[in-house]
Amino acid sequence: MAGLYAVYHGPDGLKKIARRTHHYTAILAAGLTKAGYELAQHTFFDTLTIQTGDATEKYYQLALEANINLRKWPHQLGISFDETTTLADIKTLFALFEVEASIDDLSTKIAENEFAAIPHSCQRRSNYLMHPVFNTYHTETQMMRYLKQLENKDFSLTHGMIPLGSCTMKLNAAAEMIPISWPEFASLHPFAPKEQAAGYAALADDLKHKLCEITGYDAFSLQPNSGASGEYTGLIAIQRYHQSRGEGHRNVCLIPSSAHGTNPATASMLSMKVVVVRCDRLGNIDLSDLSEKINIYRDHLSAIMITYPSTHGVYEEQVRQVCEQVHAAGGQVYLDGANMNAQVGLTSPGFIGSDVSHLNLHKTFCIPAFLMAVAAQVLDRLG
């Protein structure tokens with residue numbers, strides 16, 4: 001989305017947005033200074049820090065009453081502008097801080113030396129976003145046609161069978177993407193006070209509770225934003241578990257030869273030693289080779305990373321045996337949850353014997369296979 005934002009606006013559009021944001025910030029800085037306030041810094045782009053002393057709490061509360069969030073420190077208040085800031089916002093802040101200066105007069109004065117608050121060394125003069133893609137699609141029609149052109153280059157299940165990537169090729173319906181355009185979801189600031197995010201927190205808590213029920217796990221984190229970062233987080237959790245038991249030396253990660261490429265990559269990022277476990281002629285984990293590798297690395301075994309159903313789309317019957325063997329050697333089981341949609345209604349990571357997983361929520365809970373599983377459970381309960 002960030003990339004396409006740059007495609008749509010282009011270098012000229014981004015510069016226009018940035019100049020407007022800075023100009024508004026400079027107006028506020030000039031007005032506050034003229035009214036006798038001291039700024040913590042005199043160089044800025046979109047953020048100001050005001051020395052408010054003992055009046056900090058008073059101004060902070062006045063801002064809240066005006067539906068404005070300021071950043072509060074013991075004796076300072078921070079204000080940040082962006083492209084959504086309007087002249088009405090500046091007027092509200094002027095009234096709040098009792099600034100009587102004319103916005104028009106301040107704007108005219110600032111325009112004489114537009115970048116006075118930006119150090120010379122920080123002023124970019126080189127070109128940027130020179131590729132044609134950033135200089136072509138600047139209307140809604142052009143942008144939609146460009147996105148359609150990109151879509152047409154994709155190979156999906158609507159074109160034929162996909163030999164690899166069982167975890168990747170899922171259907172994401174447009175209806176499930178719509179909420180990202182809702183201000184209730186998209187416009188909450190990451191640093192908004194907790195009391196203003198009660199609805200968001202309730203949604204997160206409810207989702208975590210349901211995920212625990214579905215998977216059989218004890219807890220969930222919603223922080224990782226992708227499968228790769230989920231893997232990284234999961235392996236860190238396993239490493240921290242070993243460290244808490246005084247076994248921080250365990251650093252061997254067993255990975256079947258059929259695994260996703262992200263598995264060994266993630267383990268390597270954590271400086272773990274990757275040991276490949278062979279698969280048989282059908283693509284399933286070779287239990288004899290697994291036993292051999294466990295015996296060799298027993299004292300340093302940290303984890304095994306498996307996928308269920310496996311990458312080649314099979315419910316490996318010996319998966320619980322794999323988990324039991326690793327546990328018996330003191331290791332943990334990381335089960336790649338990218339194919340969780342094929343488990344719902346049939347089994348769960350907790351039942352299988354896994355200790356940690358990541359779930360691709362945008363894949364598991366918005367595709368026909370999941371809906372069919374839910375429907376089957378409902379029908380079963382109805383008799």
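Throughout, numbering of the chain's residues begins at 1 and tracks the sequence.
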Nearest-0.5 Å distance that lies between atom CD1 in Ile238 and atom CE in Met305: 7.5 Å

Looking at Tyr137 versus Tyr146, is the centre-to-centre ring distance below 6.0 Å? yes

State, to 0.1 Å, how close Glu316 and Ile285 come at their nearest heavy-atom pair, and which atoms those are. OE1-N, 3.0 Å

Thr84 and Asp82 side chains, donor-acceptor separation under 3.5 Å: yes

Is Glu114 paired with Arg19 through a side-chain N to carboxylate O contact shorter than 4.0 Å? yes

Sort out for me which residue in Lys273, Gln239, Gln332, Glu247 forms a side-chain hydrogen bond (donor to acceptor under 3.5 Å, both in side chains) with Ser302. Gln239

Quick one: do the His242 and Asn251 side chains pair a donor with an acceptor below 3.5 Å? no

Nearest heavy-atom pair of Tyr8 and His138: which atoms, and what distance? O-ND1, 2.7 Å

Which heavy atom of Ile27 sits nearest a heavy atom of Leu106, and at what distance? O-CD1, 3.8 Å

Interatomic distance, CG@Leu235 vs OG1@Thr266, rounded to 0.5 Å, equals 6.5 Å

On the 0 to 90° scale, with breaks at 30° and 60°, tag the His22-Phe45 ring pair as parallel, tilted or perpendicular. parallel

Flag the pair Glu57 and Lys72 as a salt bridge only when some basic side-chain nitrogen lies within less than 4.0 angstrom of an acidic carboxylate oxygen. yes

Would you call the rings of Phe134 and His131 parallel, tilted or perpendicular, where under 30° means parallel and over 60° means perpendicular? perpendicular

Mind listing the closest non-hydrogen atom pair of Val277 and Asp286 along with its distance? CG1-O, 4.2 Å

Validate the cation-pi geometry between Lys208 and Phe220: distance from NZ or CZ to the six-membered ring centre under 6.0 Å, angle to the ring axis within 45°. no

If you apply the rule side-chain hydrogen bond (donor to acceptor under 3.5 Å, both in side chains), what do you find for Thr92 with Asp89, and how did you get there? CA-CA 5 Å; Thr92 300; Asp89 295 322; 5.4 Å; no

What class does the angle between the rings of His249 and His300 fall in, given that below 30° is parallel, 30 to 60° is tilted and above 60° is perpendicular? perpendicular

Kindly determine whether Asp206 and Lys210 satisfy salt bridge (charged side-chain N to carboxylate O under 4.0 Å, His left out), including the steps that lead there. CA-CA 6 Å; Asp206 180 62; Lys210 290 174 178 175; 2.9 Å; yes

Are Ile306 and Leu346 connected into the same hydrophobic cluster when the rule is that any two of I, L, V, M, F, W, Y join if their side-chain heavy atoms are below 4.5 Å apart? yes

Between the side chains of Ser288 and Ser291, does any donor sit under 3.5 Å from an acceptor? no

When rounded to the nearest 0.5 angstrom, what distance separates CD in Glu231 from OG in Ser357? 10.5 Å

How long is the gap from CG on Leu335 to CD1 on Ile352, to the nearest 0.5 Å? 5.5 Å

Short side-chain donor-acceptor distance under 3.5 Å, Gln318 and Asn284: no

Consider only side-chain N and O atoms of His358 and Thr233, and report whether a donor and an acceptor are under 3.5 Å apart. no

Output for pair (Gln325 CD, Asn295 CG), nearest 0.5 Å, gives 9.0 Å

Quick one: do His23 and Ser107 satisfy side-chain hydrogen bond (donor to acceptor under 3.5 Å, both in side chains)? Show the steps, please. CA-CA 8 Å; His23 190 81; Ser107 178; 2.7 Å; yes

Check for me, please, whether Tyr334 and Tyr217 land in the same ILVMFWY cluster - side-chain distances under 4.5 Å, paths through other members count. no

Are more than 12 heavy atoms from other residues, nucleotides or ligands located less than 6.0 Å from atom CD of Glu140? no

Determine whether Leu48 and Phe81 satisfy the following criterion, side chain to side chain contact (heavy atoms under 4.5 Å, CB included), listing intermediate values before the conclusion. CA-CA 9 Å; Leu48 302 174; Phe81 282 179; over 6 Å; no

Asp289 bridged to Lys293 by N-O distance under 4.0 Å: yes

Could you state the interatomic distance from CE (Met272) to CG (Leu254), rounded to the nearest 0.5 Å? 9.0 Å

Tell me, please, whether Phe351 has Arg320 positioned over its six-membered ring: NZ or CZ under 6.0 Å from the ring centre and within 45 degrees of its axis? yes

Examine the side chains of Gln142 and Thr136 and answer whether a donor and an acceptor come within less than 3.5 Å of each other. no

